[in-house]
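Encoded as C-alpha cells, the structure appears first; notes follow it.
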Amino acid sequence: MKLAVSAPERLVVRTVPIADPGDLIPRLPDPAALAWIRHGEGIVGWGQAARLPLPGGPDRFTDAARHLRELFAAAHIDDPVGLPGTGPVAFGTFGFDPASPDSVLIVPRHVLGRRDGRAWLTTIGDDTPTPAPTRQPAPPTRLSWSDGALTAPAWERAVAAAVERIRAGHLGKAVLARDLYAHAAEPIDPRVLLRRLAGRFPACYTFSVAGLVGATPELLIRRTGGRVDSLVLAGTTARGTGTTDDAARAARLLASAKDRQEHAYAAEMVRDALAPLCAELHVPAEPELLTLPNVMHLASAVHGRLAGERSVLDVVAALHPTPAVGGTPTGRALDLIRELEGMDRGRYAGPVGWVDARGDGEWGIALRCAEIQGDRARLFAGCGIVADSDPAAELAEAQNKFRAMQYALEG
C-alpha cells in the first residue's frame with residue numbers, strides 16, 4: 001500500500017527531561033489538540049511533523065506499522081529519557097469498519113509528557129519555542145440538539161430486529177450504535193472538552209486525535225516492552241441514585257445472565273486473539289465491577305507477555321473489532337450493523353491511541369466520544385445486543401452513555 005505521507009525525508013528528534021509541567025491540557029496552544037491522558041499522566045502534542053492518511057483495507061494496521069517503522073528508522077533520535085512515549089510518537093485513530101477511509105496517524109512536532117514522576121518534552125525539527133495559547137478556550141454556547149441517523153423509536157425497532165436474528169440462531173451478539181448531533185454558536189474547542197472529561201472521568205483514557213474527542217473506559221491494548229495489557233468491558237448498568245441503589249444495581253449486574261453472556265463473548269475473543277501472540281497470558285475466570293461516574297461495567301483485566309517482537313499496532317490488528325464493539329461471529333455481526341444502524345460509524349468504536357518508535361503504546365476503543373467539525377459535534381453510543389435484550393432498556397443504556405459527552409459540551 002502506497003501512502004501519501006506528508007513528512008520531511010528525515011525527522012530530527014530530541015527529547016529532554018523537564019520539571020513537572022503540571023496539568024498537561026492547559027499547555028496545548030491551539031484547538032488542533034492531540035492528547036492521551038489518564039489520572040493526569042500521559043502525553044499531549046501539537047504541530048505536525050508528519051501525517052500518514054491510511055486507506056481502508058484488511059491489512060491497514062500492519063501496513064500502518066510498517067510505514068511508521070520506516071519513517072522512524074530513518075529519523076535521527078536523541079532520547080536520553082527512554083520511557084514509553086518519549087522520542088517520536090504517532091497519535092492515531094482508525095475507522096471502525098475495515099473499508100473506512102477515515103484512519104490517520106499524526107506525528108506532532110512537540111510532545112509534552114509525564115509518567116511515573118518523570119516529565120519530558122520532545123521536539124522534531126528546530127527548537128522553536130512553544131507558543132502561548134492564542135486565547136483561552138471558550139466553552140460551547142447556545143447548543144442545540146438533533147437526532148442522528150435514527151430516531152429513538154426507530155433505533156428500538158433496529159434492536160428488536162437484531163434480537164429476532166439472534167434468537168433465530170443467525171449470530172450470538174451484535175453491538176448497535178446510535179448517533180446524536182450537537183450544534184454550537186461558534187466552533188467547538190476540543191481543549192474545553194478535554195479539560196471537562198479529564199476532570200470528570202480521571203480513570204478513563206481522555207483522548208483527542210484529528211477531531212475525535214472522548215474519554216474511553218476501555219483499554220484495547222497497552223504494550224510496554226514485551227508486556228501487554230487489555231481491559232475488556234461488556235455488560236453495563238446505570239449508576240443508582242445513592243449508595244444503596246448503587247449496591248443493588250451492582251449486584252444485579254454481576255448476577256445478570258444476559259450481561260455475563262455479553263461479557264464472556266468479549267473476553268473469550270480477546271483471549272483467542274492474544275494467545276497466538278503471547279508466551280504467557282492471564283485472563284480472569286470471573287469479571288469484576290468497574291464503577292464510573294455515570295455507569296458500571298463488567299470488566300476483565302487481561303495481562304500477557306509477547307512471544308517475539310511486535311509493535312503495539314500489530315497487536316491492535318489481531319484484536320479489532322472485539323465483540324464488545326462489533327459482536328460475534330464478527331462477520332455476521334458487522335453485516336447486521338451495516339444493515340440496521342443506518343449510518344457510517346466513522347471512527348467511533350475504532351482504535352485510538354499512540355505508538356512510539358520502540359513499538360510501545362496505548363490504544364483504546366473510541367467510546368464515549370464525539371467527532372468535532374467546526375461548530376458541530378457528532379456523538380455516539382452503542383449497546384451489546386443478545387437474545388435477552390430489551391429494546392427499551394437498551395435505549396436507556398445508550399442515553400446513559402451519551403451523558404459523558406453531553407457533559408463535556410454543556411458543562
Side-chain angles (χ1 to χ4, degrees), residues 1-21 24-37 41-54 61-94 103-116 118-134 207-211 223-225 309-314 352-363:
M1 179 178 66
K2 180 71 172 176
L3 299 186
V5 180
S6 172
E9 288 187 8
R10 189 184 193 206
L11 302 178
V12 178
V13 186
R14 182 168 181 255
T15 297
V16 295
I18 61 172
D20 190 329
L24 298 175
I25 295 171
R27 302 294 294 271
L28 289 164
D30 59 61
L34 296 164
W36 181 266
I37 296 168
E41 295 199 335
I43 53 177
V44 297
W46 59 94
Q48 184 171 287
R51 186 181 185 94
L52 287 71
L54 305 168
F61 299 111
T62 51
D63 285 342
R66 176 171 55 84
H67 283 284
L68 204 58
R69 277 195 298 267
E70 293 171 356
L71 179 67
F72 288 163
H76 174 77
I77 302 172
D78 178 14
D79 177 14
V81 181
L83 292 174
T86 64
V89 169
F91 289 79
T93 173
F94 286 83
S103 309
V104 67
L105 292 170
I106 300 171
V107 180
R109 290 195 64 235
H110 302 277
V111 172
L112 182 65
R114 180 172 54 213
R115 179 188 181 96
D116 298 333
R118 302 174 69 183
W120 65 90
L121 177 66
T122 298
T123 302
I124 297 180
D126 59 48
D127 291 324
T128 304
T130 301
T134 53
F207 61 87
S208 175
V209 183
R223 176 195 184 270
T224 309
E309 186 62 29
R310 291 180 172 89
S311 164
V312 68
L313 285 175
D314 297 322
V352 59
W354 61 270
V355 54
D356 66 17
R358 289 170 289 270
D360 286 336
E362 291 183 308
W363 290 78

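- The shortest side-chain heavy-atom distance between I37 and V44 falls under the 4.5 Å cut-off.
- Checked by atom type and distance alone, the side chain of D356 never pairs as donor or acceptor with a backbone atom of V89 at under 3.5 Å.
- For the residue pair V352 and F207, the shortest heavy atom distance occurs at CG2-CD1, 3.8 Å.
- Counting only distance, with no hydrogens or angles, the side chain of T123 and the backbone of R14 share no donor-acceptor pair below 3.5 Å.
- Side-chain contact check for L34 versus V209: some heavy-atom pair is nearer than 4.5 Å.
- Counting only N and O atoms by type, the side chains of R358 and T86 include a donor and acceptor under 3.5 Å apart.
- Counting heavy atoms from C-beta outward, L83 and D116 have side chains that stay 4.5 Å or more apart.
- Judged by distance alone, with hydrogens and angles left aside, the side-chain atoms of Q48 form no donor-acceptor pair with the main-chain N or O of I106 at under 3.5 Å.
- Inter-residue side-chain proximity for L112 and W46 is flagged as met; some heavy-atom pair is nearer than 4.5 Å.
- Under the 4.5 Å side-chain criterion, counting only non-hydrogen atoms from C-beta, L54 is not in contact with F61.
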| task | List the steps, then state whether side chain to side chain contact (heavy atoms under 4.5 Å, CB included) holds for D79 with W120. | result | CA-CA 10 Å; D79 177 14; W120 65 90; over 6 Å; no

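- Taking 4.5 Å as the limit, every side-chain heavy atom of V312 sits out of range of all side-chain heavy atoms of W354.
- Residues F72 and V13 have side chains not in contact (no heavy-atom distance under 4.5 Å, counting atoms from C-beta outward).
- Of all heavy-atom pairs spanning V104 and A210, the tightest one is CG1-CB, 3.9 Å.
- P17 places none of its side-chain heavy atoms less than 4.5 Å from the side chain of R118.
- In terms of modelled atom types and a separation under 3.5 Å, the side chain of R109 and the main chain of I124 share a donor-acceptor contact.
- The nearest pair of heavy atoms linking A19 to A119 is O-CB, 4.0 Å.
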